[in-house]
Amino acid sequence: MRIILLGAPGAGKGTVAKLLTEYDESVQISTGDILRKAVKEGNELGKKAGQYMERGDLVPDSLIMQIMEHRLQEEDCGKGFILDGFPRTIPQAEELRDLLSRLGIKLDFVVNLEVPKDVILDRLTTRRTCANPSCQEIYNVKSNPPTPEGKCRKCGSPVIQRDDETEEAIFNRLETYNRKTAPLINFYEHEGLLKSFESLSSNDTVRGIQRHLASKR
Ligand code: AMP
């Protein structure tokens, strides 16, 4: 499958993307995961991106496009990809459209995850993430806790609260989403690619996405 996942922070894009990769050989591409790994490693990209991320601001489009232009041409994308957290602005969406057309790649559709605001806020404040940059498994202190010792059930690394999940950063991320990312819903509606799902349960959403994919083939 070749899809984009749109949705506010905390809408469940990462969880839905991970579940979808279990059904075929498509890879999950999360720009957030790529950037957090770079920050942890302290490399050039991480140094540039870290300051924006900590505040809950978006990383500049040019930096994101450099990453994605390279990433989408890697061999593992040949079997399909699930874009999680990209594009996040209209310029990114326009550049992605040009890039895919240059590469001769056609998107199946764009998934818009709709989740009520109170659910989003609750999820973001109770979310925890595996600190291992190559794992980044997502947990929730209420519904899906790590081990009693606070370790990742997959890789055993410590599970932490992300720097950008303080109350102030969360507020900024939601405001940034409304201002910069929500306009993508109209953009993809115009392109005839949008399919919205009320997404309270990730499993139900995944089934809905698969049904929609099957109906288009
Ligand atoms: P996420 O894990 O998708 O919530 O992303 C975490 C942070 O990484 C965001 O708050 C942004 O600072 C940055 N980021 C991730 N994806 C993008 C993108 N496509 N454009 C700009 N910044 C991004």
Side-chain angles (χ1 to χ4, degrees), residues 3-18 20 27-41 43-72 81-100 107 110-113 115 119-121 123-140 159-185 187-188 199 202:
I3 63 173
I4 292 174
L5 294 181
L6 286 184
K13 299 185 294 294
T15 308
V16 167
K18 283 201 173 72
L20 284 170
V27 286
Q28 173 193 11
I29 305 180
S30 156
T31 38
D33 284 355
I34 295 171
L35 293 168
R36 273 186 293 279
K37 189 162 184 267
V39 170
K40 265 265 152 73
E41 288 171 0
N43 61 26
E44 214 40 51
L45 170 64
K47 281 187 201 137
K48 286 186 192 153
Q51 42 179 334
Y52 298 97
M53 296 172 73
E54 222 167 276
R55 291 196 297 265
D57 288 338
L58 292 183
V59 171
D61 290 336
S62 55
L63 213 53
I64 297 290
M65 290 315 302
Q66 271 172 35
I67 300 172
M68 288 308 291
E69 179 149 6
H70 177 255
R71 181 67 188 92
L72 282 168
F81 50 77
I82 300 152
L83 302 186
D84 157 13
F86 169 83
R88 261 313 219 267
T89 63
I90 296 280
Q92 288 181 20
E94 288 170 343
E95 286 198 46
L96 174 65
R97 182 177 54 194
D98 296 348
L99 173 63
L100 292 179
L107 287 174
V110 175
V111 173
N112 178 34
L113 301 179
V115 181
V119 177
I120 295 254
L121 276 176
R123 276 192 196 160
L124 286 176
T125 47
T126 52
R127 182 153 84 175
R128 301 291 181 271
T129 308
C130 171
N132 173 359
S134 0
C135 177
Q136 304 201 32
E137 185 73 3
I138 298 163
Y139 292 91
N140 181 291
V159 169
I160 52 153
Q161 184 161 26
R162 277 166 38 178
D163 285 345
D164 64 354
E165 286 177 349
T166 61
E167 211 166 293
E168 197 188 343
I170 288 172
F171 181 82
N172 194 24
R173 284 165 68 202
L174 290 174
E175 198 272 324
T176 303
Y177 169 80
N178 287 332
R179 204 160 28 90
K180 299 220 167 137
T181 309
L184 294 184
I185 296 172
F187 177 92
Y188 284 117
S199 187
S202 300

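This chain uses plain numbering: 1 for the first residue, then up along the sequence. Quick note: numbers below take in every heavy atom, side chains included, and nothing from hydrogens, waters or symmetry partners. One-based numbering, in listed order, for ligands and for the atoms of each.
Contacts of ligand 1 (protein heavy-atom distance under 4.0 Å) are Thr31, Gly32, Leu35, Arg36, Met53, Asp57, Leu58, Val59, Ile64, Gly85, Phe86, Arg88, Gln92, Arg162, Asp164, Arg173.
Here salt bridge (Lys or Arg N to Asp or Glu O under 4.0 Å) pairs that include residues 127-138, with residues two or more places apart or in two chains, are Arg127-Glu165, Glu137-Lys154.
Residues satisfying the salt bridge (Lys or Arg N to Asp or Glu O under 4.0 Å) criterion with Glu54, sequence neighbours excluded, are absent altogether. Here Asp61 pairs with nothing under the salt bridge (Lys or Arg N to Asp or Glu O under 4.0 Å) rule; sequence neighbours left out.
A cation-pi geometry, defined here as NZ or CZ lying under 6.0 Å from the six-membered ring centre and within 45° of its normal, does not hold between Arg88 and Phe86.
Going from atom CE of Met68 over to atom CG of Leu99 covers 8.5 Å, rounded to the nearest 0.5 Å. Note that CZ of Arg173 is 4.5 Å distant from CZ of Arg162, once rounded to the nearest 0.5 Å.
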